[in-house]
Protein chains: 2
Amino acid sequence: MQQRELADLADLAAEMALHGKDRDDPAREVMGLLGDRWSTLILLVLGTGAFRHAELRRTLAQLSSEQAISQRVLTLKLRTLERDGFVARAVTADVPPKVSYALTPLGQDLHAQARHLIDWINARAPQIRDARERFDRADD
Amino acid sequence: MQQRELADLADLAAEMALHGKDRDDPAREVMGLLGDRWSTLILLVLGTGAFRHAELRRTLAQLSSEQAISQRVLTLKLRTLERDGFVARAVTADVPPKVSYALTPLGQDLHAQARHLIDWINARAPQIRDARERFDRADD
DNA sequence: CCGCATCCTAGGCGATACTG
DNA sequence: CAGTATCGCCTAGGATGCGG
C-alpha cells in the first residue's frame with residue numbers, strides 16, 4: 001500500500017499544479033471561483049445575455065432571494081472574471097457612457113462546465129441528503 | 001432585454017436552489033467543497049486507494065509541496081466529506097484500532113467530475129494566462 | 001450609474017498542546 | 001495514531017459614503 005502511489009502521485013501533483021501554494025496557476029483559482037458565493041451565479045445569469053451593472057445586481061438579488069450582493073463585491077467578482085477572460089466589459093461611447101458585461105466564448109464554455117456540474121450535483125442531491133441524515137442520526 | 005429573462009431566471013433559481021441562503025441544499029455546498037483549499041486534493045488522493053489519517057496527511061503534504069494541512073482541518077474536511085456520503089470511514093476491531101478512509105461509489109463519481117473539470121481548466125490554462133497578461137498590461 | 005475607499009465581521013485555516 | 005480544544009491570523013464579503 002506504500003509503493004502504489006509513487007507513480008500516481010506524480011501526475012496528481014501535475015494535475016492540480018499545486019507546486020507552490022499560490023502559484024498563478026489557473027486550476028486552483030478557477031475551482032475557487034466556482035466555489036465562491038457569487039461567481040457561479042453571475043456566470044449563470046450572464047449566460048442568458050448581456051447585463052448592465054445595476055441590472056445584474058438586481059437580478060442576482062432576485063435569484064438569491066432578497067439577499068443582495070454588495071456592489072463592491074460585484075465589481076470585484078466581475079473584475080476577476082474579466083481578468084481571466086471569462087467576461088467582457090463593454091463601454092458605449094454615449095454620454096453618459098453605459099457599461100455592460102457579457103460572457104466571452106471562453107466564459108460560455110466555463111458556463112457550460114458549471115451547469116454540467118450543477119446538474120450532476122442536483123441529480124445526486126437525494127443521495128447526499130440521505131447520507132447527511134444518516135450521519136447526523138448515528139452521531140447522536 | 002427585460003422580458004427575456006423572466007422565463008430563464010425561474011429555472012436558474014431552481015438550478016442553483018438558492019432559495020434562502022444557507023439552505024441544506026447540496027448544490028452550493030458541494031461547489032464550495034471543490035473550491036476550498038483541500039477537499040478536492042483529498043478526493044484526488046483517495047481516488048488512488050484507502051488511506052489512514054496520518055498517511056493521508058503526509059501524502060497531502062508532499063503533493064502540496066511541503067505545505068501541510070493541519071490535522072484539525074484534515075479531520076474537519078474528512079468529516080464533511082463523510083457526512084455527505086463521499087468518503088467512508090472504517091475502523092478495525094484491532095487493538096489498537098486503526099482508522100482508514102476511502103471513497104464511496106458516490107465519492108468516486110464526484111472524483112471523476114472533479115478530474116474532468118480540472119482537465120478542462122488545465123487545457124484552457126494558456127488562454128487564461130494570456131487573458132490575465134493582457135488585462136494586467138492594459139490596466140497600467 | 002459605475003466604481004472606489006474605508007471600516008467591520010464571520011469563517012476558513014494554521015499552530016500548538018492535550019486526551020484516549 | 002486519531003481526535004479535540006484554544007488561540008490567533010487573514011481573507012471574503014457586507015455597509016456606507018464619496019467622486020466621476
Side-chain angles (χ1 to χ4, degrees), chain A residues 1-2 18 21-22 28-42 50-61 64-83 87-102 135 139-140, chain B residues 1 18 21-22 28-29 31-42 50-61 64-83 87-102 135 139-140:
Chain A
M1 207 223 248
Q2 222 66 325
L18 276 173
K21 61 167 100 180
D22 286 329
R28 284 211 49 76
E29 285 136 297
V30 176
M31 299 288 283
L33 278 192
L34 296 179
D36 78 16
R37 178 84 181 76
W38 293 107
S39 299
T40 299
L41 196 53
I42 292 173
F51 279 77
R52 308 217 19 229
H53 185 106
E55 185 191 3
L56 178 55
R57 200 158 118 73
R58 261 177 274 121
T59 306
L60 289 168
S64 198
S65 177
E66 281 346 295
Q67 182 52 287
I69 186 175
S70 64
Q71 54 171 221
R72 188 181 78 93
V73 174
L74 178 54
T75 302
L76 279 177
K77 294 304 177 189
L78 285 170
R79 281 274 180 283
T80 304
L81 258 7
E82 189 195 356
R83 187 173 112 95
V87 162
R89 181 174 182 273
V91 185
T92 68
D94 298 344
V95 175
K98 309 196 172 199
V99 189
S100 73
Y101 297 90
F135 183 90
D139 162 73
D140 301 337
Chain B
M1 204 222 248
L18 276 174
K21 59 168 100 182
D22 285 331
R28 286 210 48 76
E29 284 136 298
M31 299 288 282
L33 278 192
L34 296 178
D36 78 16
R37 178 86 182 77
W38 292 108
S39 299
T40 299
L41 197 53
I42 293 174
F51 279 77
R52 310 217 17 229
H53 185 107
E55 185 191 3
L56 178 54
R57 200 158 117 75
R58 263 177 272 119
T59 306
L60 288 167
S64 198
S65 178
E66 282 345 297
Q67 182 54 287
I69 187 175
S70 64
Q71 52 173 227
R72 187 181 79 93
V73 174
L74 179 53
T75 301
L76 278 178
K77 294 305 176 187
L78 285 171
R79 281 275 180 284
T80 305
L81 258 7
E82 189 195 356
R83 186 173 113 96
V87 162
R89 181 174 182 274
V91 185
T92 67
D94 297 344
V95 175
K98 310 197 172 199
V99 187
S100 74
Y101 297 89
F135 183 91
D139 162 75
D140 299 338

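Below, read A as the first sequence line, B as the second, and so on, with proteins coming before strands; counting in each chain starts at 1.
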Proximity to the side chain of [X] - top-ranked nucleotide from [options]:
X        : options              : value
B:Gln71  : C:dA5, C:dA17, D:dA5 : C:dA17
A:Val73  : C:dC4, D:dG14, D:dT4 : D:dG14
B:Tyr101 : C:dA15, D:dG3, C:dT6 : D:dG3
A:His53  : C:dG3, C:dG14, C:dC1 : C:dG3
A:Asp36  : D:dA5, D:dA2, D:dG13 : D:dG13

| What's the verdict on side chain to side chain contact (heavy atoms under 4.5 Å, CB included) for A:Thr92 and A:Lys98, showing C-alpha distance, side-chain angles and the deciding distance? | CA-CA 5 Å; A:Thr92 68; A:Lys98 309 196 172 199; 3.7 Å; yes
Tell me the interatomic distance from [X], atom [atom1], to [N], atom [atom2], rounded to whole angstroms.
X       : N      : atom1 : atom2 : result
B:Leu41 : C:dC13 : CG    : C1'   : 15 Å
A:Arg89 : C:dC1  : CZ    : P     : 16 Å
B:Arg79 : D:dG3  : CZ    : P     : 5 Å
B:Arg57 : C:dA15 : CZ    : P     : 9 Å
B:Leu74 : D:dA2  : CG    : C1'   : 10 Å
B:Arg52 : D:dG3  : CZ    : P     : 10 Å
A:Glu29 : D:dA12 : CD    : P     : 11 Å
A:Ile69 : D:dG13 : CD1   : C1'   : 9 Å

| request: Evaluate the criterion side chain to side chain contact (heavy atoms under 4.5 Å, CB included) for residue pair B:Arg37 and B:Val73; output intermediate values, then yes/no. | output: CA-CA 10 Å; B:Arg37 178 86 182 77; B:Val73 174; over 6 Å; no
| query | Mapping B:Lys77 and A:Lys98 onto DNA chain C by nearest heavy atom, which one lands closer to the 5' end? | reply | A:Lys98
| message | Let's test your reading of the model: under 3.5 Å, does the base of D:dG14 pair with the side chain of A:Arg72 as donor and acceptor? | response | yes
| request: Measure distances between side-chain N and O atoms of B:Arg37 and base N and O atoms of C:dG12, and say whether any donor-acceptor pair falls under 3.5 Å. | output: no
| query | So, are A:Glu82 and A:Arg79 salt-bridged, with charged N and O less than 4.0 Å apart? | reply | yes
| message | I need the A:Ile42 CD1 to A:Thr59 OG1 distance, nearest 0.5 Å. | response | 11.5 Å
| Would you say B:Leu33 and B:Lys77 make side-chain contact, with heavy atoms under 4.5 Å? | no
